[in-house]
Amino acid sequence: MTNELYLVISISALAVISPGSDFAMVTKNTVSYGRHAGYLTALGIAMSTWVHTLYCLIGIALIISKTPLLFSAIKYLGIAYLLYIGISTFRSKFVPPDSIDAKLVKATLVASFKQGFFSNVTNPKTTLFYLSLFTMVVSKSTPIIMQIMYGLIICLLHFVWFWLISYLISHPKIKSKFDKNINVVNKLIGVILVLIAAKLFFTIV
């Protein structure tokens with residue numbers, strides 16, 4: 001059990017820190033809307049991990065892994081969402097957070113949480129990671145309470161890592177550099193998201 005725990009932590013940590021759409025989403029919202037938006041994006045990503053954990057715990061993961069059509073549908077949904085966010089980011093115009101009224105600030109923060117949540121929920125790479133972890137690494141004999149603890153560990157790893165990313169990016173010295181080239185940064189992030197979506201699409205094809 002101890003070896004399994006160490007293996008879950010190691011694999012999960014490597015998966016979390018690998019650059020991808022979640023990283024791009026946190027970066028986009030932090031440089032565009034500020035630190036709090038970045039934190040809420042990180043929280044959304046972390047909370048979404050429970051969706052993946054839940055379907056693994058109740059056995060849907062096995063169904064998905066044995067049903068290529070269903071898994072393909074999930075992949076295409078994730079690709080479509082990445083394309084939408086990527087194109088929207090590329091076309092967006094930067095609005096300084098200080099110039100946004102209170103209602104819009106609240107809406108922006110809620111949107112940041114939702115983007116983080118759905119970015120991870122619809123990410124085919126994340127789905128594949130969970131399918132592999134809970135069907136190949138975690139033993140069928142592992143107690144359910146231990147599997148829930150694995151879910152908690154993965155959730156915390158996501159939150160801490162992306163919170164740290166948002167914190168570092170929003171540091172005054174770093175953020176000032178982003179602010180000078182914010183529109184270029186948004187276009188670059190938009191292109192990266194589209195390229196990630198394209199890579200996933202051609203992987204499926």
- request: Examine distances only and state if a side-chain atom of Ser166 and a backbone atom of Phe162 form a donor-acceptor pair shorter than 3.5 Å.
  value: no

message: Could you check whether any side-chain heavy atom of Thr126 comes within less than 4.5 Å of a side-chain heavy atom of Tyr130, counting everything from C-beta outward?
response: yes

- request: Would you tell me whether Thr30 and Ser170 have side-chain atoms, one donor and one acceptor, within less than 3.5 Å of each other?
  value: no

task: Can you run down the side chain to side chain donor-acceptor pair (under 3.5 Å) pairs that involve residues 10-25, sequence neighbours left out, and say none if there aren't any?
output: Ser21-Asn123, Asp22-Ser119, Asp22-Asn120

task: Without swapping roles, check the side chain of Ser32 against the backbone of Asn29 for a donor-acceptor pair under 3.5 Å.
output: no

field: side-chain contact (heavy atoms from CB on, under 4.5 Å) between Ile169 and Val31, worked out
entry: CA-CA 7 Å; Ile169 291 174; Val31 300; 3.5 Å; yes

task: Please list, chain by chain and in numerical order, all residues satisfying ring pair (Phe, Tyr, Trp, His ring centres under 6.0 Å) with Tyr167, sequence neighbours excluded.
output: Trp163

- prompt: Going by heavy atoms in the side chains, are Met146 and Leu5 under 4.5 Å from each other?
  reply: yes

message: Could you see if Leu152 belongs to whatever hydrophobic cluster contains Ile148? Use Ile, Leu, Val, Met, Phe, Trp, Tyr and a side-chain cutoff under 4.5 Å.
response: yes

query: Going from CG on Leu14 to CG on Leu157, what distance comes out if it is rounded to the nearest 0.5 angstrom?
result: 10.5 Å

task: With the side chain counted from C-beta on, respond yes when Gln115 and Lys28 share a heavy-atom pair under 4.5 Å apart, and no when they do not.
output: yes

task: Could you check Thr41 against Phe113 for side-chain contact (heavy atoms from CB on, under 4.5 Å), going step by step and ending with a plain yes or no?
output: CA-CA 5 Å; Thr41 306; Phe113 177 86; over 6 Å; no

message: Tell me the closest heavy-atom pair linking Thr53 and Gly151, and the distance in Å.
response: OG1-CA, 3.7 Å

query: At what distance, to the nearest 0.5 angstrom, does CG of Leu40 lie from OH of Tyr33?
result: 13.5 Å

- request: Please answer whether the main-chain N or O of Phe118 pairs with a side-chain N or O of Thr122 as donor and acceptor at a distance below 3.5 Å.
  value: yes

field: Val194 side chain reached by Phe90 side chain, heavy atoms, under 4.5 Å
entry: no

query: Considering only heavy atoms from C-beta outward, does the side chain of Thr127 approach that of Tyr55 to under 4.5 Å?
result: yes

- prompt: How about Phe159 and Leu43: do any of their side-chain heavy atoms sit closer than 4.5 Å?
  reply: yes

query: Just wondering, are more than 12 heavy atoms of other shown residues or ligands nearer than 6.0 Å to CD1 in Ile145?
result: no

- prompt: Would a hydrophobic clustering, with Ile, Leu, Val, Met, Phe, Trp and Tyr connected at side-chain separations under 4.5 Å, put Ile153 with Val160?
  reply: no

field: Flag side-chain contact, heavy atom, 4.5 Å: Ile17 against Trp161
entry: yes

field: pair Tyr150-Ile9: side-chain heavy atoms closer than 4.5 Å
entry: no

- prompt: Roughly how far, to the nearest 0.5 Å, is CG of Leu188 from CD1 of Ile192?
  reply: 4.0 Å

message: So does Ser139 get a backbone contact from the side chain of Glu4, meaning a donor-acceptor N/O pair under 3.5 Å?
response: yes

query: What class does the angle between the rings of His36 and Tyr39 fall in, given that below 30° is parallel, 30 to 60° is tilted and above 60° is perpendicular?
result: perpendicular

statement: Rounded to the nearest 0.5 Å, the CG atom of Leu133 sits from the CG atom of Leu128 at a distance of 11.0 Å

